[in-house]
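Heads up, the thing below is written out as structure tokens.
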Amino acid sequence: MCKPARELVLIDSPRWNENSITFVLSHSGNTPEAIEAAKVAKKNGSFVIAITNDKNSKIDDSSLYDDLIVYDWGTSVSHKDVPMGIEFRIVNEFLHQTEEDYAKYDDMLDGFDQIDSIIENAKNIQKDSAAKFAQKYRKQPFLYILGSGASTSQAYGFAICSLMEMQWMDCAYINSAEFFHGPFEVLQDDKVFIQCINAGKTRVLDERSRDFIEKYHGQLEVIDANKFGMDKIKDTVVDYFNPFVFYEMGVLYRDELSEKRGHQTDFRQYMGKVDYSYKSDVE
């Protein structure tokens with residue numbers, strides 16, 4: 001289960017107990033919601049793994065975690081050593097050691113060996129398309145981002161972080177399956193969609209929404225993981241590696257939009273500029 005930290009605290013999840021493992025991720029190490037979640041998880045008996053980019057931050061408090069992982073950040077860092085890769089590798093190792101019938105261990109390790117080169121290939125293949133998209137849609141008033149399966153999280157991140165936060169662009173993310181449960185009613189020829197198409201089991205969901213948008217003349221940008229060499233990763237685990245690809249595709253498109261729109265990605269009007277703190281009841 002993956003939830004925003006504050007939501008988990010308010011729910012006080014019954015899954016937090018001595019048999020649970022909680023990952024608490026804060027890039028800065030100072031996010032109040034993350035600190036609060038770590039406190040509640042520990043209070044409820046969970047084993048807590050804190051993950052941060054900054055060793056000398058508030059989350060570096062031994063009362064908040066059982067294990068602390070500090071990761072490097074930058075273009076030279078392997079994807080197996082960033083938060084998503086770290087979490088996947090820990091879970092893979094945990095299942096390998098605790099579940100006798102877990103059969104994906106070696107396939108996951110092989111996938112981690114392949115993913116960096118696949119992503120570099122994806123950047124090279126998609127760069128021209130991203131630049132053309134940014135030039136054409138730099139003044140677009142609204143974008144829709146579609147994805148499915150594990151990549152739903154990256155459609156979400158692309159929308160709220162890369163575009164809303166870093167580009168101040170109005171947009172929404174949609175699960176490709178949920179597209180047909182309401183959102184497709186907004187489809188007109190002036191609407192713009194970015195469709196993330198997975199490799200693996202949920203690809204059929206992405207292809208279905210892609211085909212519908214094309215049929216009814218929506219403006220569509222397709223980012224297809226199968227074009228980047230994902231066949232190098234075993235079918236048994238390829239679904240888990242789609243988010244790595246689409247995270248980087250979100251960064252690529254965000255950066256191209258930033259250049260074409262003249263809006264630097266570190267511009268903020270509220271984040272870190274005004275008070276949006278809250279009162280915590282956690283001791």
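- T31 and S26 share a donor-acceptor pair across their side chains, judged by distance under 3.5 Å alone.
- In terms of heavy-atom proximity, Q269 sits nearest to V274 at O-CG1, 4.4 Å.
- More than 12 heavy atoms of other residues, nucleotides or ligands sit less than 6.0 Å from atom CZ of F193.
- When each of Y156, F246, F158 is paired with S151, the side-chain contact (heavy atoms from CB on, under 4.5 Å) condition holds for F246 and for no other.
- Cluster annotation: I35 and F47 are assigned to distinct hydrophobic clusters (Ile/Leu/Val/Met/Phe/Trp/Tyr, side-chain heavy-atom contacts under 4.5 Å, transitive).
- Taking both residues in full, the closest heavy atoms of A172 and A159 are given as C-CB, 4.2 Å, listed atom of the first, atom of the second, then distance.
- Formation of a donor-acceptor pair under 3.5 Å by the N198 side chain with backbone atoms of S148 is found in this model.
- With no hydrogens or angles considered, no side-chain donor-acceptor pair links Y144 and Q195 at under 3.5 Å.
- Considering all non-hydrogen atoms of both residues, I118 and M230 come closest at CG2-SD, 3.8 Å.
- Within 6.0 Å of atom CZ in F142, more than 12 heavy atoms from other residues, nucleotides or ligands are found, so the atom counts as buried in its surroundings.
- In summary, the side chains of Q219 and Y137 do present a donor paired with an acceptor at a separation below 3.5 Å, with no hydrogens or angles considered.
- Atoms CG and CD1, on D67 and I21 in that order, are 10.5 Å from each other to the nearest 0.5 Å.
- Between H27 and Y71, some side-chain heavy-atom pair lies under the 4.5 Å cut-off.
- Enclosure of atom NZ in K260 by more than 12 non-hydrogen atoms of other residues, nucleotides or ligands within 6.0 angstrom is indicated.
- Within 6.0 Å of atom CG in D266, more than 12 heavy atoms from other residues, nucleotides or ligands are found, so the atom counts as buried in its surroundings.
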| request: Kindly determine whether Y247 and V82 satisfy side-chain contact (heavy atoms from CB on, under 4.5 Å), including the steps that lead there. | output: CA-CA 12 Å; Y247 169 79; V82 299; over 6 Å; no
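- Side-chain contact, S176 with D206: a donor N or O sits under 3.5 Å from an acceptor N or O.
- Residue I194 holds its CD1 atom at 6.5 Å from CG of L163, rounded to the nearest 0.5 Å.
- Ion pairing of K123 with E120 is present here, as a side-chain N (NZ or NE/NH1/NH2) and a carboxylate O approach within less than 4.0 Å.
- A donor-acceptor contact shorter than 3.5 Å links the side chain of D66 to the backbone of V48.
- Residue I160 holds its CD1 atom at 8.0 Å from CD of E165, rounded to the nearest 0.5 Å.
- Annotation: side chain of E18 is not in contact with side chain of S46 (no heavy-atom distance under 4.5 Å).
- By the 4.0 Å N-to-carboxylate-O rule, K42 lies too far from D61 to be salt-bridged with it.
- Defined by atom type and a distance below 3.5 Å, a donor-acceptor pair is present between the side-chain atoms of R261 and Q167.
- Residues Y173 and L146 are not in side-chain contact: their nearest non-hydrogen atoms beyond the backbone lie 4.5 Å or more apart.
- By the rule that hydrophobic residues join a cluster once side-chain heavy atoms approach within less than 4.5 Å of another member, I125 and I197 end up as members of separate clusters.
- Residues L8 and T22 form no side-chain contact, since every pair of their non-hydrogen atoms from C-beta on lies 4.5 Å or further apart.
- A donor-acceptor distance shorter than 3.5 angstrom exists from the side chain of R138 to the backbone of Q135, with no hydrogens or angles considered.
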| request: Give the intermediate values and the outcome of side chain to side chain donor-acceptor pair (under 3.5 Å) for residues S57 and N30. | output: CA-CA 6 Å; S57 58; N30 297 312; 4.6 Å; no
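- Residues H96 and E93 have side chains that never bring a donor and an acceptor to within less than 3.5 angstrom of each other.
- For the atom pair OH of Y65 and OG1 of T52, the computed distance is 10.5 Å after rounding to the nearest 0.5 Å.
- Within the 4.5 Å cutoff, the side chain of D170 has no heavy atoms near those of the M164 side chain.
- Follow the hydrophobic side-chain contacts under 4.5 Å out from I145 and you never reach I174; the two are in separate clusters.
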| request: Under the ring pair (Phe, Tyr, Trp, His ring centres under 6.0 Å) rule, what do Y253 and F133 come out as? Steps first, then yes or no, please. | output: CA-CA 8 Å; Y253 277 72; F133 178 90; 5.6 Å; yes
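- A single hydrophobic cluster is seen to contain both M84 and L95, as judged by linkage of ILVMFWY side chains at heavy-atom distances under 4.5 Å, directly or through other members.
- Ion pair R89/D81 flagged as a salt bridge, since at least one NZ, NE, NH1 or NH2 atom sits closer than 4.0 Å to an Asp/Glu carboxylate oxygen.
- No more than 12 heavy-atom neighbours from other residues, nucleotides or ligands sit within 6.0 angstrom of OH on Y270.
- Side-chain atoms of D60 and L68, non-hydrogen and from C-beta on, do get closer than 4.5 Å to each other.
- Checked by atom type and distance alone, the side chain of N44 never pairs as donor or acceptor with a backbone atom of N17 at under 3.5 Å.
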| query | Could you go step by step and tell me if D231 and N226 meet the side-chain contact (heavy atoms from CB on, under 4.5 Å) rule? | reply | CA-CA 7 Å; D231 59 336; N226 270 2; over 6 Å; no
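- For the pair R208 and F180, the cation-pi test (distance below 6.0 Å, angle within 45°) is passed.
- With 3.5 Å as the limit, one finds no donor-acceptor pair spanning the side chains of S258 and Q264.
- Hydrophobic clustering keeps Y216 apart from V192 (ILVMFWY residues linked when any side-chain heavy atoms are closer than 4.5 Å, directly or through intermediates).
- In this structure Y102 satisfies the ring-ring contact (aromatic ring centres under 6.0 Å, His included) test with no other residue, sequence neighbours excluded.
- Taking a cutoff of 4.0 Å between a charged side-chain nitrogen and a carboxylate oxygen, K132 and E256 do not qualify as a salt bridge.
- Smallest separation of non-hydrogen atoms from V282 and V40: CG2-CG2, 3.7 Å.
- Using a 4.5 Å heavy-atom threshold, the side chains of H79 and E248 count as touching.
- Shown here for D281 and E36, the closest heavy-atom pair between the two residues is N-OE2, 4.2 Å.
- Taking a 6.0 Å sphere around CG of D235, one finds it holds 12 or fewer heavy atoms contributed by other residues, nucleotides or ligands.
- A pairwise comparison of heavy atoms in I59 and A50 identifies CD1-CB, 3.9 Å as the closest pair.
- Rounding to the nearest 0.5 Å places CE of M249 at 6.0 Å from CD of Q126.
- Side-chain atoms of D54 do not come within 3.5 Å of backbone N or O of G29 as any donor-acceptor pair.
- With F112 as reference, F241 is the one residue of F241, Y105, F88 to meet the ring pair (Phe, Tyr, Trp, His ring centres under 6.0 Å) rule.
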| said: With side-chain contact (heavy atoms from CB on, under 4.5 Å) as the criterion, how do N242 and V245 come out once you've worked through the C-alpha distance, each side chain's angles and the decisive distance to 0.1 Å? | reply: CA-CA 5 Å; N242 286 304; V245 172; 5.8 Å; no
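- Within the 4.5 Å cutoff, the side chain of V91 has heavy atoms near those of the F23 side chain.
- Expressed to the nearest 0.5 Å, how far SG of C161 lies from CZ of R254 amounts to 9.5 Å.
- Judged purely by atom type and a 3.5 angstrom limit, Y276 uses its side chain to pair as donor or acceptor with the backbone of G272.
- Neither side chain, S28 nor N53, offers a donor N or O lying under 3.5 Å from an acceptor on the other.
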